[in-house]
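Below: the structure, in structure tokens.
Just the heavy atoms: all of them, side chains too, but no hydrogens, waters or symmetry mates, feed the values below. In this chain, residues are counted from 1 in sequence order. Predicted model only: the values in this text are computed from it and were never measured.
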Amino acid sequence: MAKNLRAGDRVSWRSHGGTAVGRVVRRITSRQKAGGRQVAASKDNPQYLVKSDKSGGTAVHKPGALRKTS
């Protein structure tokens, strides 16, 4: 589980095809549309918009789904 991620941090997460790798675009701390869906994030329960290195697509993930990589 990754905590206190910042924009630009390199992360990995489980995807349909195995493990995906990308970078954090931004931390989301309020309810808003991001990554093509409505995100119910808050300061106490932030989520992260990440961009895949392979596909260039964006998605939103909870901190527990992300692993910080080097």
Side-chain angles (χ1 to χ4, degrees):
M1 182 166 129
K3 291 185 178 181
N4 300 322
L5 293 170
R6 296 180 181 193
D9 284 349
R10 190 165 174 78
V11 293
S12 65
W13 62 94
R14 289 182 56 146
S15 181
H16 300 289
T19 301
V21 178
R23 296 205 179 266
V24 173
V25 175
R26 64 185 168 97
R27 183 177 183 195
I28 302 169
T29 58
S30 64
R31 187 174 179 86
Q32 60 187 271
K33 268 194 143 176
R37 66 182 179 92
Q38 185 69 31
V39 178
S42 67
K43 286 187 178 186
D44 293 332
N45 294 306
Q47 296 189 35
Y48 294 91
L49 180 66
V50 296
K51 183 174 182 179
S52 169
D53 286 349
K54 184 176 180 181
S55 71
T58 58
V60 177
H61 293 286
K62 292 182 179 179
L66 300 172
R67 303 275 184 259
K68 193 169 181 178
T69 62
S70 52

Shortest non-hydrogen separation from [X] to [Y] and the atoms involved:
| X | Y | value |
| --- | --- | --- |
| R31 | A40 | NH1-CB, 3.4 Å |
| I28 | A34 | CD1-CB, 3.6 Å |
| V25 | A7 | O-CB, 3.3 Å |

Next item on the list: Return yes if some donor-acceptor pair links the side-chain N/O of D9 with the main-chain N/O of R6 below 3.5 Å, else return no.
Entry: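 Yes.
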Checklist line | Heavy-atom donor-acceptor pair, S15 side chain to G18 backbone, under 3.5 Å | finding: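 Not confirmed, S15 side chain does not pair with G18 backbone.
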Item checked: All pairs passing salt bridge (charged side-chain N to carboxylate O under 4.0 Å, His left out) where residues 41-65 contributes a residue, at least two apart ->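 Only R10-D53 qualify under salt bridge (charged side-chain N to carboxylate O under 4.0 Å, His left out).
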[X] vs [Y] side-chain heavy atoms within contact, under 4.5 Å:
| X | Y | answer |
| --- | --- | --- |
| W13 | H61 | yes |
| L49 | V24 | no |
| V50 | L66 | yes |
| V39 | K33 | no |

Item checked: Pairs meeting criterion side-chain hydrogen bond (donor to acceptor under 3.5 Å, both in side chains) with involvement of residues 19-30, two or more places apart ->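 Checked against side-chain hydrogen bond (donor to acceptor under 3.5 Å, both in side chains) - neighbours excluded - the pairs reaching residues 19-30 are R26-Q32, S30-Q32.
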